[in-house]
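Here is the structure we will look at, set down as structure tokens.
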Amino acid sequence: QVQLVESGGGTVKPGGSLRPSCQASGYSTSGSYCMGWFRQAPGKEREGIARVYTLGGSTIYADSVKGRFTMSRDSAKNTWYLQMNSLRPEDTAMYYCAADGRLWAVVAGSASYWGQGTQVTVSS
């Protein structure tokens, strides 16, 4: 029933920007939850790149994206965004959003709900 639908990936040149989105449906609650973004390139392990816990938590970014990527939320649309600036070729990967009521589950890559992924390619 719960679905996370991602969009907004694409191909950009190095230094460019993208803003993938993750829209939730089939779920509505005022309770606390964790929203996270992950990425995985072929032959590479899945990497957690950003997360936020809605109950007063700050947003945490992996060192690989810190200062370049920013999470934001449109509460009216129940949609999260990942603003990706200063993109580099090594950012090329499939990007996934994930959500769970348990912060630790998202941190561990074991979230209950996952988006289908959106491809980001950075190439000149």
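- No donor-acceptor distance shorter than 3.5 angstrom exists from the side chain of R39 to the backbone of I49, with no hydrogens or angles considered.
- For the residue pair T121 and T92, no side-chain donor N or O sits within less than 3.5 Å of a side-chain acceptor on the partner.
- Two residues are said to be in side-chain contact when any heavy atoms from C-beta on lie closer than 4.5 Å; V12 and M84 fail this criterion.
- Ion pairing of D63 with K66 is present here, as a side-chain N (NZ or NE/NH1/NH2) and a carboxylate O approach within less than 4.0 Å.
- The shortest side-chain heavy-atom distance between T70 and Y61 falls under the 4.5 Å cut-off.
- What you find for A111 and A99 is that their closest heavy atoms are CB-O, 3.6 Å.
- A distance of 11.5 Å separates CD in Q119 from CD in E6, rounded to the nearest 0.5 Å.
- Ring pair W80/Y33 is perpendicular by interplanar angle, where above 60° counts as perpendicular and below 30° as parallel.
- Ring geometry, F69 versus Y95: the interplanar angle falls from 30° to 60°, so the pair is classed tilted.
- Grouping the Ile, Leu, Val, Met, Phe, Trp and Tyr side chains by contacts below 4.5 angstrom, directly or via other members, places V122 with W37.
- Using a 4.5 Å heavy-atom cutoff, the side chains of Q116 and V5 are in contact.
- Proximity of S72 to R19: side-chain heavy atoms (C-beta onward) are separated by under 4.5 Å at one or more points.
- For the atom pair OG (S21) and NZ (K77), the distance works out to 9.5 Å, reported to the nearest 0.5 Å.
- Note that CG of N85 and CG of D91 are 11.0 Å apart. Values are rounded to the nearest 0.5 Å.
- A50 and M71 make their closest contact through CB-SD, 3.7 Å (heavy atoms, listed as atom of the first residue, atom of the second, distance).
- Separation of atoms OG (S58) and OH (Y53) is listed at 13.0 Å; rounding is to 0.5 Å.
- Side-chain contact check for L103 versus R51: some heavy-atom pair is nearer than 4.5 Å.
- S112 and D100 share a donor-acceptor pair across their side chains, judged by distance under 3.5 Å alone.
- Using a 4.5 Å heavy-atom threshold, the side chains of R68 and R88 count as touching.
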